[in-house]
Amino acid sequence: MADTGSPLIRVQGVNKTFLLGDEPVHAVNNIGLIVNRGDYLSVMGPSGSGKSTLLNMLGLLDVPDNGEYWLAGANTVPMDEEQRAVYRREQIGFVFQSYHLVPRLTAAENMELPLMLAGISPAERRRRLAPIIDRLGLGSRAGHLPNQLSGGQRQRVAIGRALIMKPNLLLADEPTGNLDTQSGAEVVQLLEELNRDGITLVVVTHDADLGARARRHIRMVDGLIVQDQMKTPAEILQSGDAQ
Ligand code: ADP
Ligand code: MG
């Protein structure tokens with residue numbers, strides 16, 4: 001199904017309006033966006049500017065009122081809820097500020113959850129989970145419940161869950177928002193390693209330093225993209241990720 005020649009994301013004329021009492025709020029206002037495979041984008045802007053609404057639509061957690069959203073060559077807007085859920089599971093990993101882990105499941109079980117939902121056998125689940133637990137450095141914590149883990153460990157579990165289906169696209173909404181500087185830096189480092197391995201990464205953040213690390217910077221105000229800038233070659237050299 002995947003059309004590997006096309007951009008990973010193609011959004012055209014997308015709107016999302018919420019009603020606040022009787023007042024319409026244009027959370028996302030006629031946005032167009034093309035994102036190439038393997039890119040690394042940050043989305044910044046004031047609170048209420050529509051960043052999460054846009055990310056939720058890119059993550060197929062929410063549907064635009066109108067417009068087109070093509071992901072990996074498939075037109076997602078006409079999909080019904082079931083098709084959208086399946087496609088989301090195949091294509092997208094999502095990381096939230098507040099982790100969204102299931103409190104009664106262990107770290108390992110939380111990471112396995114998408115595989116269970118996809119009907120994958122316990123043996124195959126264990127086979128796929130092992131390298132991810134290793135990579136995230138969660139070996140000794142795999143049997144712990146979320147409330148027995150630090151914020152940084154919880155976010156790494158959430159990243160493990162996001163990765164387990166080998167998605168093309170990794171979306172992160174304020175992934176370091178609840179973390180101390182050190183754990184936040186570790187989470188960012190991990191996300192950037194995954195991007196270097198080929199995953200397309202979109203990070204919404206308030207943190208200017210984090211936002212500046214991305215190769216492409218988008219700024220939203222009042223539901224509009226008001227700035228869309230690529231890092232200059234000099235900036236890429238300076239940040240040490242030129243390859
Ligand atoms: P950001 O992530 O940039 O802070 P959001 O995308 O969360 O912004 O919100 C954009 C605007 O849409 C805000 O005015 C917000 O109040 C409104 N909004 C977002 N989600 C909803 C919702 N489910 N119902 C009503 N209004 C919403
Ligand atoms: Mg938000």
Side-chain angles (χ1 to χ4, degrees), residues 9-35 39-71 76-77 79-81 84-85 88 91-101 151-152 154-155 158-159 161-162 167 169-181 183-185 187-188 190-192 195 200-229:
I9 289 174
R10 188 160 64 79
V11 168
Q12 218 174 330
V14 153
N15 288 283
K16 187 76 187 180
T17 303
F18 296 108
L19 275 180
L20 203 64
D22 291 339
E23 286 293 306
V25 177
H26 300 287
V28 162
N29 192 350
N30 197 28
I31 275 186
L33 182 66
I34 288 179
V35 179
D39 213 341
Y40 174 15
L41 253 85
S42 62
V43 182
M44 300 195 68
S47 184
S49 58
K51 306 181 296 296
S52 294
T53 305
L54 177 63
L55 209 68
N56 289 343
M57 288 196 288
L58 294 179
L60 300 178
L61 294 170
D62 208 345
V63 191
D65 296 334
N66 48 34
E68 290 187 21
Y69 173 25
W70 293 74
L71 175 63
T76 66
V77 176
M79 290 178 180
D80 65 28
E81 223 164 289
R84 193 173 301 115
R88 180 196 311 136
Q91 294 287 337
I92 301 166
F94 212 123
V95 178
F96 302 91
Q97 174 171 1
S98 49
Y99 326 122
H100 289 201
L101 300 176
R154 285 183 212 194
Q155 197 57 303
I159 293 171
R161 179 185 53 191
L169 177 60
L170 184 56
L171 302 172
D173 196 348
E174 309 271 8
T176 64
N178 285 354
L179 301 178
D180 60 76
T181 312
S183 324
V187 160
V188 170
L190 179 58
L191 295 174
E192 291 180 353
N195 172 251
T200 306
L201 177 61
V202 181
V203 180
V204 166
T205 182
H206 267 103
D207 178 337
D209 291 336
L210 172 52
R213 297 178 63 90
R215 274 191 294 278
R216 179 175 169 194
H217 309 152
I218 283 177
R219 184 166 178 80
M220 288 185 74
V221 174
D222 291 340
L224 300 165
I225 292 179
V226 295
Q227 203 175 56
D228 185 349
Q229 267 181 340

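When a ligand or atom number is given, it counts from 1 through the structure's own listing order.
Once rounded to the nearest 0.5 Å, the distance linking NZ of K16 with CG of D65 reads 5.0 Å. For the atom pair L71 CG and R10 CZ, the distance stands at 11.5 Å (nearest 0.5 Å). For the atom pair CD of Q155 and CZ of F96, the computed distance is 10.0 Å after rounding to the nearest 0.5 Å.
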### Query
Hey, mind stepping through L171 and V95 against side-chain contact (heavy atoms from CB on, under 4.5 Å) and telling me if it holds?
CA-CA 6 Å; L171 302 172; V95 178; over 6 Å; no
### Task
Before giving the answer on side-chain contact (heavy atoms from CB on, under 4.5 Å), spell out for R216 and L41 the whole-Å C-alpha distance, their side-chain angles and the decisive distance to 0.1 Å.
CA-CA 5 Å; R216 179 175 169 194; L41 253 85; 3.9 Å; yes
### Task
Using the side-chain contact (heavy atoms from CB on, under 4.5 Å) rule, take L54 and I218 through it: C-alpha gap first, then chi angles, then the decisive distance, then the call.
CA-CA 12 Å; L54 177 63; I218 283 177; 5.7 Å; no
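Shown here is D222, whose CG atom has no more than 12 heavy atoms of other residues, nucleotides or ligands within 6.0 Å.
Around the Mg ion (ligand 2), protein N, O or S atoms at a distance under 2.8 Å total 1; waters are neither shown nor counted.
If you run side chain to side chain contact (heavy atoms under 4.5 Å, CB included) between Y40 and each of L191, L170, L201, only L201 comes through.
Enumerated by chain and number, the residues approaching ligand 1 to less than 4.0 Å through a heavy atom are F18, V25, A27, P46, S47, G48, S49, G50, K51, S52, T53.
No side-chain donor-acceptor contact under 3.5 Å links H26 to the backbone of N15.
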